[in-house]
J.: 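Okay, here's the structure, questions in a sec.
Counting starts at 1 for both ligands and their atoms, in listed order.
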Amino acid sequence: MPSRRRFLQTAALGAAAGALSPSVLSALDRSEVPNPEPQWIAKDYRRLKPAVFQWPSERAVEEHMRLYRGYVNKANELWQKIAELDRDPAKANATYSDIRVMKVELTFAIGGVKNHEVYFDILGGNGGTPTGRLAEAIQKNFGSFEAWAADLKATGIAARGWVWLAYDFEKKTLFNYIGDSQNLFPIWNASPILALDMFEHAFFMDYGANRAAYIDDFLKHIDWAAVSANFERVLRMASL
Ligand SMILES: [Fe+2]
């Protein structure tokens, strides 16, 4: 997620672009648009964090990994196709056009990559409770760890896809957000430090439709050291 400073810088760039005359804008052609190389590389969690494969069942985690690698491949494919896209504004259309389809689906692919990485990064632990500044923030923002866990459980049961514990740079608070699909309901200028996958592939093989039991066991396998590391990184970003 962009920092406030970066957001303001981006906004300033946008305002500058808006000041360009139509003749200058029409002179922009594909040669002036960056043509980036594919950006996404699937992490090898079997090597990086084999404990992730201890819960839920190995076949369920393999299903996540298969989807994750697919999102990486599609993010790279779309990234390259967008770089090669004909940017003639006359061909753009808000109902259907190549640029609309590719840019919308790019958010789905990148969301599938990033959300799964947060989910895998914070799994593979022994549950328990957080410590240090993260514990203090949860206490301050939710009242207690138990209240946070109850809110996460209710939010997860109510979700159709993703749930995030995220830090809001504006309010300087932690909150459990519902994202549903991976490109729905993002909160700008907030950063997730924990992700809970509530898509059916995440729990149905092991828990059937019992979402509550899946979340209870998710809480028992959180790697709180990893969540704390995410939180400390976010706090450093907030101080920039
Ligand atoms: Fe998943």
J.: Tell me yes or no: between the side chains of Tyr207 and Asp217, is some donor less than 3.5 Å from an acceptor?
T.: yes
J.: Among the N/O/S atoms of His64, select the one at the shortest distance from the Fe ion (ligand 1) and name it.
T.: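 Of the nitrogen, oxygen and sulfur atoms in His64, the Fe ion (ligand 1) lies nearest to ND1.
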J.: Apply salt bridge (Lys or Arg N to Asp or Glu O under 4.0 Å) to the pair Lys74 and Glu77, showing each step before the final yes or no.
T.: CA-CA 5 Å; Lys74 284 298 177 186; Glu77 181 181 340; 3.0 Å; yes
J.: To check your reading of the site, what angle at the Fe ion (ligand 1) do NE2 of His201 and NE2 of His116 form, to 10°?
T.: 130°
J.: Do Thr173 and Asn141 have a side chain donor and acceptor closer than 3.5 Å?
T.: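 Checked: Thr173/Asn141 side chains show no N/O donor-acceptor pair below 3.5 Å.
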J.: Only N/O/S atoms count here: what is the atom of Asp197 closest to the Fe ion (ligand 1) called?
T.: OD2
J.: Going by the angle between their ring planes, with limits at 30° and 60°, are His64 and His116 parallel, tilted or perpendicular?
T.: perpendicular
